[in-house]
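Worksheet: the structure to be examined is printed underneath.
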Amino acid sequence: MNGSGKGACFIRKDRTILLECGHPGFEAARTALADFAELVKSPPAYHTYRITHLSRWNAAAAGKTAQEILAVLSLLSCCGIPAGLEEEVRQLVSRYGRLELHSGAAGGSLMVLRADNPGLLDELAEQAALQELGLNRTAPLECRCPAEQRGLLKQELTRLGFPVLDYAGYRDGQALNVPWKKAAGSGAVSGESVGLRDYQEEAVRRFGGIGGSGGSGVVVLPCGAGKTLVGLAVLESLQCETLILTSNATSVAQWKAELLKRTGLDEEAVGEYSGVKREVRPITVATYQILTHRRSKGGPFGHMNLFNERNWGLIIYDEVHLLPAPVFRATADIQATRRLGLTATLVREDGREDDVFSLIGPKCYELPWKVLEKQGWIAAVDCIEVVVPMGTDIRHRYMYAGAKEQFRVAAGNPAKAEAAAKIIAAHPGAAVLVIGQYLDQLEQLAASLGAPLITGKTSQQERNGLYAAFNEGAIRLLVVSKVANFAVNLPDASVAIEVSGAYGSRQEEAQRLGRILRPKPGENKAYFYTLVSGDSREQDFALRRRLFLTEQGYDYAVQTVQPEGVSL
DNA sequence: AAGTCCGTAA
DNA sequence: CAGGGTACGGACTT
């Protein structure tokens, strides 16, 4: 199997898995584990995975059985599976699918919750939270519950460890003719004629087929893999009025542009609902912000009504990992509407992944970044952590700073400027982005590197000028602040140098890497450097930040800058 | 009366 | 933890 005859993993009975990085079976094991376990730590020698509720349900939702998971585990394990764990995995995986939600007779105001055995319902009957929702035992294997509690019920059951298969169905919403735009000279109007890639078609198919009735779920695709097109294809397959929610104004404009470019929808059929425009049209694109905006602190949300303004047949949640809590609550009330979540990184620093799972839907499709890389849709990236020692002065400031300030001091290590200059020199002619978190640091870097700086204060006009110059090759180096995290119109580069970042934000790291993923001419290769002060708290945060990417199979090489120039 | 600029909140 | 985007209201212009 792996040459050494011994598996690459050590499996512990607390459901954690240690994966030996130097093992010949490492790559294969990492790929296999990604299906049902979450990476929690990735120090150099051993990666730690954990089998969580969510990871199991995602596996189950994707059609993996306990049998298959256990088979993979025993194959990977160096010394068997601990007694008890096997049974536990079997039991926990089997929890997915033991409860089903169906619509009541004649589409009435009651739903039916069905279980595969009476004991389970006995157990649920003891839960006060469920009684409050009006759950009422009507038969040994059946409970009834008011239909309007559908979302809260699912959320609560997920929390208790019993996710529900939702077969209660969806309303179709107001029908709307959404054809693909016909390619010139071609009469055919199928997904193929608009150039849907295989994986995009597969994602659409899975969305339609998951959980029996189909029609709600989350599609996870890397940056630049064409999530918008998946959304459009789902829209085309359902042919109904649709509400699209997304993270910012730029993205709203992009959705609208794509809708008009790819489909035959009239301009009047597509509306923008944002701070500036309040159009409610058959297809409406809105920001999350406007939904959650309150007129006054603690007051009511001003625009949540948008969910009910038309008879939507589909709601698309773009960047679903950013979904604000109040929108979760509103989503609980609209469970009869089909929902599609799109994201590159289904991780939230607030740990509400479970709510995404229960209220939007299970993960129905995911394509690992590395697979996409192999197929050439995104660039291959070398990730390099560069450890930059702190000079004497800064080391002193670091030692006398409070715990929280230490991170700030280490992040602002001025020796990073020289390290960045060296990296840039090592990539002559490449388009380079220097990305950081602190304005003073970035100002100094821009000055010492002789490069233009873009921050939130930079006017849109000025940005566009610099972006254009960068794209044309007139400028080869740009220093950017957090504007880079979400700015969809930032140009692509082949080298990114991260000089500082937010406390352990996994998504931020992923977004930043995304900046250099667009396929490159020639070798199709890009470089991601992250500069970290040596012997400092910054290293711990950096480790956490890159968990997501490690999970996706990116390896960080570590380089240490020699403290030359100490005499300066 | 309607459009544009700017500071502020959360 | 700092920084950035958004929505909005008030000031000012047309």
Side-chain angles (χ1 to χ4, degrees), chain A residues 244-256 272-280 284-306 318-319 321-327 349-350 397-398 401-413 416 433-446 453-464 466-467 478-490 498-509 511-512 514-515 532-533 536-542 544-545:
Chain A
I244 300 167
L245 301 176
T246 186
S247 55
N248 61 48
T250 320
S251 175
V252 169
Q254 260 187 3
W255 271 97
K256 188 174 174 184
E272 248 175 80
Y273 193 96
S274 66
V276 241
K277 288 182 188 169
R278 292 292 157 71
E279 301 161 350
V280 183
T284 298
V285 191
T287 60
Y288 290 126
Q289 264 95 342
I290 196 150
L291 285 175
T292 53
H293 186 260
R294 295 163 189 253
R295 203 154 276 276
S296 59
K297 174 169 111 174
F301 296 104
H303 301 281
M304 283 294 182
N305 247 347
L306 190 54
D318 193 17
E319 317 271 12
H321 59 283
L322 298 172
L323 201 81
V327 180
E349 307 308 336
D350 67 359
R397 271 181 51 209
Y398 179 84
K404 268 179 189 157
E405 220 199 320
Q406 287 191 326
F407 173 66
R408 178 73 177 83
V409 171
N413 182 3
K416 287 182 178 178
L433 286 175
V434 174
I435 310 175
Q437 151 110 349
Y438 304 104
L439 295 183
D440 55 348
Q441 177 187 35
L442 293 172
E443 275 155 20
Q444 283 163 23
L445 272 164
L453 169 68
I454 297 174
T455 73
K457 277 167 233 147
T458 313
S459 75
Q460 215 59 50
Q461 199 183 8
E462 209 175 325
R463 289 184 205 191
N464 291 338
L466 289 168
Y467 293 160
L478 269 183
V479 181
V480 293
S481 70
K482 278 177 74 165
V483 290
N485 287 11
F486 294 109
V488 258
N489 56 352
L490 197 73
E498 181 183 49
V499 294
S500 55
Y503 161 80
S505 170
R506 292 168 291 173
Q507 306 176 24
E508 185 177 81
E509 191 88 339
Q511 292 287 348
R512 289 177 171 179
R515 295 266 39 122
V532 178
S533 288
S536 79
R537 304 173 60 81
E538 198 186 10
Q539 287 176 303
D540 307 332
F541 297 132
R544 216 190 107 71
R545 294 168 54 78

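In the text below, chain A, chain B and the rest are named by the order of the sequence lines, each starting its count at 1. Side chains included, hydrogens not; waters and symmetry mates left out as well; all remaining heavy atoms used.
- A:Phe407 places its CZ atom 13 Å from the C1' atom of C:dG3, with the value rounded to the nearest Å.
- No donor-acceptor pair under 3.5 Å is formed between the side chain of A:Ser533 and the backbone N or O of A:Ser536.
- Residue-to-nucleotide proximity on DNA chain C shows that, of A:Thr455 and A:Ala502, the 5′-proximal contact is made by A:Ala502.
- The structure places OH of A:Tyr467 at 7.0 Å from CD of A:Gln460, a figure rounded to the nearest 0.5 Å.
- A straight line from CZ of A:Phe541 to P of C:dA2 spans 13 Å, rounded to a whole angstrom.
- Between A:Gln511 atom CD and C:dG5 atom P the separation is 14 Å, expressed in whole Å.
- A side-chain hydrogen bond (donor to acceptor under 3.5 Å, both in side chains) with A:Ser500 is found for one member of A:Gln441, A:Gln437, A:Glu538 and no other, namely A:Gln441.
- A:Arg463 comes within contact range of the sugar-phosphate backbone alone, with a heavy-atom separation under 4.0 Å but no base atom that close.
- A donor-acceptor pair is defined here as one N or O able to donate and one able to accept, closer than 3.5 Å; no such pair exists between the side chain of A:Arg463 and the backbone of A:Leu490.
- When heavy atoms are screened at a 4.0 angstrom cut-off, A:Lys404 is found touching the sugar-phosphate backbone but no base atom.
- Separating the CG atom of A:Leu453 from the C1' atom of C:dG3 is a distance of 13 Å, rounded to the nearest angstrom.
- Whole-Å rounding puts the A:Glu319 CD to C:dG5 P distance at 15 Å.
- Using modelled atom types, no side-chain atom of A:Glu498 and backbone atom of A:Ile435 make a donor-acceptor pair closer than 3.5 Å.
- Residue A:Tyr503 is out of contact with every strand shown, counting any heavy-atom pair closer than 4.0 Å.
- Distance CG (A:Leu291) to P (C:dG5): 20 Å, rounded to an integer number of Å.
- Ring geometry, A:His303 versus A:Tyr273: the interplanar angle exceeds 60°, so the pair is classed perpendicular (tilted spans 30 to 60°).
- C:dA2 atom P lies 14 Å from atom NZ of A:Lys457, rounded to whole Å.
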_Footprint string (nucleotides 1-10 of chain B, 5' to 3'): B base within contact, S backbone only, - free, heavy atoms under 4.0 Å_ = ---------S
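- Look at A:Arg544 and A:Glu349 and you find a salt bridge, because one of the NZ, NE, NH1 or NH2 atoms lies within 4.0 Å of a carboxylate O, short of that distance.
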*Encode nucleotides 6-14 of chain C as B, S and - characters from 5' to 3', where the letter depends on protein heavy atoms closer than 4.0 Å: B to the base, S only to sugar-phosphate, - to neither.*
SSSS-----
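- More than 12 heavy atoms of other residues, nucleotides or ligands sit less than 6.0 Å from atom CZ of A:Arg278.
- The two residues A:Lys416 and A:Val499 have their closest heavy-atom pair at NZ-O, 2.7 Å.
- Between the C1' atom of C:dG4 and the CD1 atom of A:Ile454 lies a distance of 14 Å, rounded to the nearest Å.
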